[in-house]
Amino acid sequence: MSETTTGPGTTAAVDDGARFRAFTGLGLALLALTGGGVVANGVQWLVIGRFPAGDDLTYWSVVGGVPLLMGLVGLWLGTGAASSADALARPLGRATQALSALAVLGAVVLVVALVLGQ
């Protein structure tokens with residue numbers, strides 16, 4: 001954490017670690033909201049060889065679980081950033097928490113729908 005002078009007699013706390021966590025969590029949350037993007041497709045192609053018919057419960061759990069995992073990691077990163085004293089990281093961390101919570105909710109619905117559809 002470093003102090004940066006913004007004007008005569010005022011200082012703003014800059015927490016580079018919290019900003020990194022907030023922006024990384026935001027990226028993961030947005031990617032999870034889109035269904036995992038290229039990462040989920042990559043995992044799907046990796047596991048498709050093990051389950052060629054696509055009817056296995058494990059296959060659908062893995063495919064639906066990638067966005068869930070991304071959302072949970074984004075939520076964890078956003079929680080750490082939201083407690084920072086940094087004026088940018090704190091609101092960005094809160095936004096990351098909200099988007100990650102939506103991503104986790106959507107991923108849980110996706111996993112349940114895929115599992116029940118079998």
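Remember, predicted model here, so these are calculated numbers, not experimental data. Atom set for the values below is all heavy atoms of this structure, side chains included, hydrogens, waters and symmetry mates excluded. Residue numbers start at 1 and run along the sequence shown.
- Put simply, the side chain of D86 gets close to the backbone of D15: a donor and an acceptor are under 3.5 Å apart.
- Taking all atoms of both residues into account, the shortest heavy-atom contact from G93 to A22 is N-CB, 4.1 Å.
- To the nearest 0.5 angstrom, L77 atom CG is 13.5 Å from F23 atom CZ.
- One hydrophobic cluster, built from ILVMFWY side chains closer than 4.5 Å, holds both V39 and L110.
- A continuous path of hydrophobic side-chain contacts links V104 to V112 [ILVMFWY only; heavy atoms under 4.5 Å].
- For the atom pair L26 CG and T96 OG1, the distance stands at 4.5 Å (nearest 0.5 Å).
- Of all the heavy atoms in A18 and A81, the pair that sits closest is O-CB, 3.5 Å.
- The CG atom of L105 sits 10.0 Å away from atom CG of L33, with the distance rounded to the nearest 0.5 Å.
- Q97 contributes atom CD, which lies 6.5 Å from atom CG of L75 (distance to the nearest 0.5 angstrom).
- A distance of 8.5 Å separates OG of S100 from CG of L72, quoted to the nearest 0.5 Å.
- R90 contributes a side-chain N or O that, together with a main-chain N or O of S84, makes up a donor-acceptor pair within less than 3.5 Å.
- The hydrophobic cluster containing M70 also contains W76, counting ILVMFWY residues as joined when their side-chain heavy atoms lie under 4.5 angstrom apart, directly or transitively.
- Between the side chain of S83 and the backbone N or O of G80 there is at least one donor-acceptor pair closer than 3.5 Å.
- For A89 against R19, the heavy-atom pair with the smallest separation is CB-N, 3.9 Å.
- Cluster annotation: L69 and L46 are assigned to distinct hydrophobic clusters (Ile/Leu/Val/Met/Phe/Trp/Tyr, side-chain heavy-atom contacts under 4.5 Å, transitive).
- Taking CG of L31 as the start and CG of L99 as the end, the distance is 12.5 Å to the nearest 0.5 Å.
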